[in-house]
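Below, chains carry the letters A, B, ... as their sequence lines are ordered, and counting in each starts from 1.
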2 protein chains.
Amino acid sequence: MEIFKSYIKKRISVTEEQLEQITSSYTLTQVKKKSFILRAGEICNFEGFVKKGCFKIFYLTPNGEEHILYFAIEEWWISDIASFNEQEPAQLYIQALEDSEVFIISREQKEQLFLNCTQVERLFRIMAQRAQVASQHRIIAALGFTAQERYLDFINRYPKIYPRISSLQLASYIGVTQEFLSRLKRQILKPNK
Amino acid sequence: MEIFKSYIKKRISVTEEQLEQITSSYTLTQVKKKSFILRAGEICNFEGFVKKGCFKIFYLTPNGEEHILYFAIEEWWISDIASFNEQEPAQLYIQALEDSEVFIISREQKEQLFLNCTQVERLFRIMAQRAQVASQHRIIAALGFTAQERYLDFINRYPKIYPRISSLQLASYIGVTQEFLSRLKRQILKPNK
DNA sequence: GTAAAAAATTGACCTACATCAATAAATAAG
DNA sequence: CTTATTTATTGATGTAGGTCAATTTTTTAC
């Protein structure tokens, strides 16, 4: 629980009592490597804070291509926001890439928390705005960078995540085939020839 | 002011008095077509609600390529979130594409508003989360769709914006050259030959 | 209403990245 | 330890979309 409490304290000012109230609204859940915590079509009735492990949050096109929106390691949040808020079918899949542990809250419990502790609203506003800034960067990168630039940008931005995922996953994140990513890496190592 | 008040009422429950308090924190500003309300490098000290007109929010690469993040027409918000929140230099440009009117609030006034009227925090959380969902869709589109699919997706998603912008602007939004967009449009009209 | 500027179209050619197919290397499972 | 499975690499060839240059159409400004 400590990692979660210090995450909150860093972002909003709360009393120990409120901190207890917030964190006790969450339940710790174990997720085995490769298992899905959400599939497209389901209603996403949870929002999770990753205590330990690694997840990929992705979209599957009708013809089966996978596009990874982001990877979530320790201190990241996982949910299908639209599905969670509007109680509509999810568009996204969330799958564990390692054995993981997540603090989970349901829609109803979160609403309750908003009523009981008004600062929580601020926490989630701040989080959502930060996520928005990151997404804007990704849109710019996806539209304007070459594959090599996107690759180097990812390594640079997420040095903690990079060593924990396979090339196949990375390729799906930056939007190229695994073959082309392999060629990119060689080119970066030996720029001549 | 009516458009702004009804926008708020649709999203959070407030008394008439609170509604008055919120909207009176904003100042109406006129922005001439082609003029910039923000340039990269400046500190963005405002957040604006578009009452009338049209803006483009974009990024310029070091070699001068323009990438449009979004268009803001009536009822959209304009700001460089990172710059506004952290008081750091903006990365984005915001320019009027038509003669426009915007309700503006400063950083300090917004903080004041959060203190005086706690529901406002909720309004901005909801907004930020909705923006986040839209951004996620754009990331998926940018990585996985062809240029033609992105073009048709834009028309379909933003039928109100589409007729108000030039092809050049649209090309910069979907991430292709104006020449290629022109070919796409012809291809869609006459699929044979 | 006319000149000037901006936007849109078209053609010829080029390049970043995809696809398909075959190995090779690394992990996982019994 | 050995086999099966997943992951990474390499080659040959194809295509979506870019670049540069010229022309036409539309919009803006006086």
Side-chain angles (χ1 to χ4, degrees), chain A residues 32-35 54 56 58 61-68 71 95-99 140-155 161-193, chain B residues 32-35 53-54 56 58 61 63-68 71 95-99 140-155 161-193:
Chain A
K32 278 267 177 213
K33 181 170 178 174
K34 288 191 180 172
S35 77
C54 182
K56 64 174 173 183
F58 65 100
T61 64
N63 30 315
E65 291 158 45
E66 172 184 309
H67 294 290
I68 296 180
F71 299 102
Q95 185 181 21
L97 297 176
E98 304 171 0
D99 289 344
I140 290 164
L143 293 176
F145 289 12
T146 63
Q148 174 162 334
E149 288 167 335
R150 275 176 270 144
Y151 171 72
L152 294 173
D153 184 55
F154 179 83
I155 294 178
I161 296 177
Y162 171 64
R164 287 167 73 168
I165 57 174
S166 70
S167 280
L168 180 64
Q169 306 300 333
L170 219 189
S172 158
Y173 179 93
I174 65 176
V176 295
T177 58
Q178 42 190 324
E179 293 97 325
F180 192 68
L181 178 57
S182 171
R183 282 175 240 257
L184 279 180
K185 288 197 286 190
R186 185 184 39 165
Q187 237 185 303
I188 290 165
L189 287 175
K190 323 172 193 160
N192 49 328
K193 193 73 185 294
Chain B
K32 279 268 176 213
K33 180 170 178 173
K34 288 192 184 175
S35 75
C54 183
K56 63 174 172 182
F58 65 100
T61 65
N63 32 314
E65 292 159 43
E66 172 184 311
H67 294 290
I68 295 180
F71 299 103
Q95 186 181 21
L97 297 175
E98 305 172 358
D99 289 344
I140 290 165
L143 293 176
F145 290 12
T146 64
Q148 174 161 335
E149 287 167 336
R150 277 177 270 143
Y151 170 72
L152 294 172
D153 184 54
F154 179 85
I155 294 178
I161 296 178
Y162 172 64
R164 288 167 73 167
I165 58 173
S166 70
S167 280
L168 179 64
Q169 306 301 333
L170 218 188
S172 158
Y173 180 94
I174 66 177
V176 295
T177 57
Q178 43 192 324
E179 293 97 324
F180 191 69
L181 179 56
S182 171
R183 281 175 240 259
L184 279 180
K185 288 198 285 190
R186 186 184 39 167
Q187 237 185 306
I188 291 164
L189 287 175
K190 321 173 194 160
N192 49 328
K193 190 72 185 297

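- Rounded to an integer number of Å, the gap from B/E149 CD to D/dG17 C1' is 14 Å.
- Atom CG of B/L181 is separated from atom C1' of C/dA8 by 10 Å (rounded to the nearest Å).
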Before giving the answer on side-chain contact (heavy atoms from CB on, under 4.5 Å), spell out for A/I165 and A/I161 the whole-Å C-alpha distance, their side-chain angles and the decisive distance to 0.1 Å.
-> CA-CA 7 Å; A/I165 57 174; A/I161 296 177; 4.3 Å; yes
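- Residues A/T146 and A/Y151 fail the side-chain proximity criterion, which asks for heavy atoms closer than 4.5 Å.
- Annotation: side chain of B/I188 is in contact with side chain of B/Q148 (closest heavy-atom distance under 4.5 Å).
- Taking the nucleotide of DNA chain D with the nearest heavy atom to each of B/E65 and A/I165, the more 5' of the two is matched to A/I165.
- What separates NZ of B/K185 from P of C/dA7 is a distance of 13 Å, to the nearest Å.
- With rounding to whole Å, B/L143 atom CG is found 19 Å from D/dA16 atom P.
- The 5' end of DNA chain C is approached more closely, in terms of each residue's nearest nucleotide, by B/S182 than by the other of A/T177 and B/S182.
- Taking the side chain of A/T146 as heavy atoms from C-beta on, and the options C/dT10, C/dC17, D/dG17, the nearest nucleotide is C/dC17.
- Side-chain atoms of A/E65 and A/H67, non-hydrogen and from C-beta on, do get closer than 4.5 Å to each other.
- As rounded to whole Å, 17 Å separates atom P of D/dA12 from atom CZ of A/F180.
- Among the heavy atoms of the strands lying under 4.0 Å from B/S166 are primed sugar atoms or P, OP1, OP2 only; no base atom is included.
- If you check every strand for non-hydrogen atoms under 4.0 Å, B/S167 touches sugar and phosphate atoms only.
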Would you mind writing out the side-chain donor-acceptor pairs for residues 169-176 of chain A within the sub-3.5 Å range, not counting sequence neighbours?
| from | atom 1 | to | atom 2 | distance (Å) |
| --- | --- | --- | --- | --- |
| A/Q169 | OE1 | A/K56 | NZ | 3.1 |
| A/S172 | OG | A/E66 | O | 3.1 |
| A/S172 | OG | A/I68 | N | 3.4 |
| A/Y173 | OH | A/R138 | NE | 3.3 |

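- The CG-C1' distance, from A/L168 to D/dT5, rounds to 14 Å in whole Å.
- Side-chain atoms of A/I140 and B/F58, non-hydrogen and from C-beta on, never get closer than 4.5 Å to each other.
- Atom pair B/Q178:CD and D/dG17:C1' shows a separation of 14 Å (rounding to whole Å applied).
- Exactly one residue among B/R164, B/K34, B/K32 makes a side chain to side chain donor-acceptor pair (under 3.5 Å) with B/E98. That residue is B/R164.
- Atom CG of A/L184 is separated from atom P of C/dC17 by 7 Å (rounded to the nearest Å).
- Residue B/R186 places no side-chain N or O under 4.0 Å from the OP1 or OP2 atom of C/dT9.
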Set out, line by line, the N/O atom pairs under 3.5 Å between protein and nucleotides 21-30 of chain D.
| from | atom 1 | to | atom 2 | distance (Å) |
| --- | --- | --- | --- | --- |
| D/dT28 | OP1 | B/K33 | NZ | 3.3 |

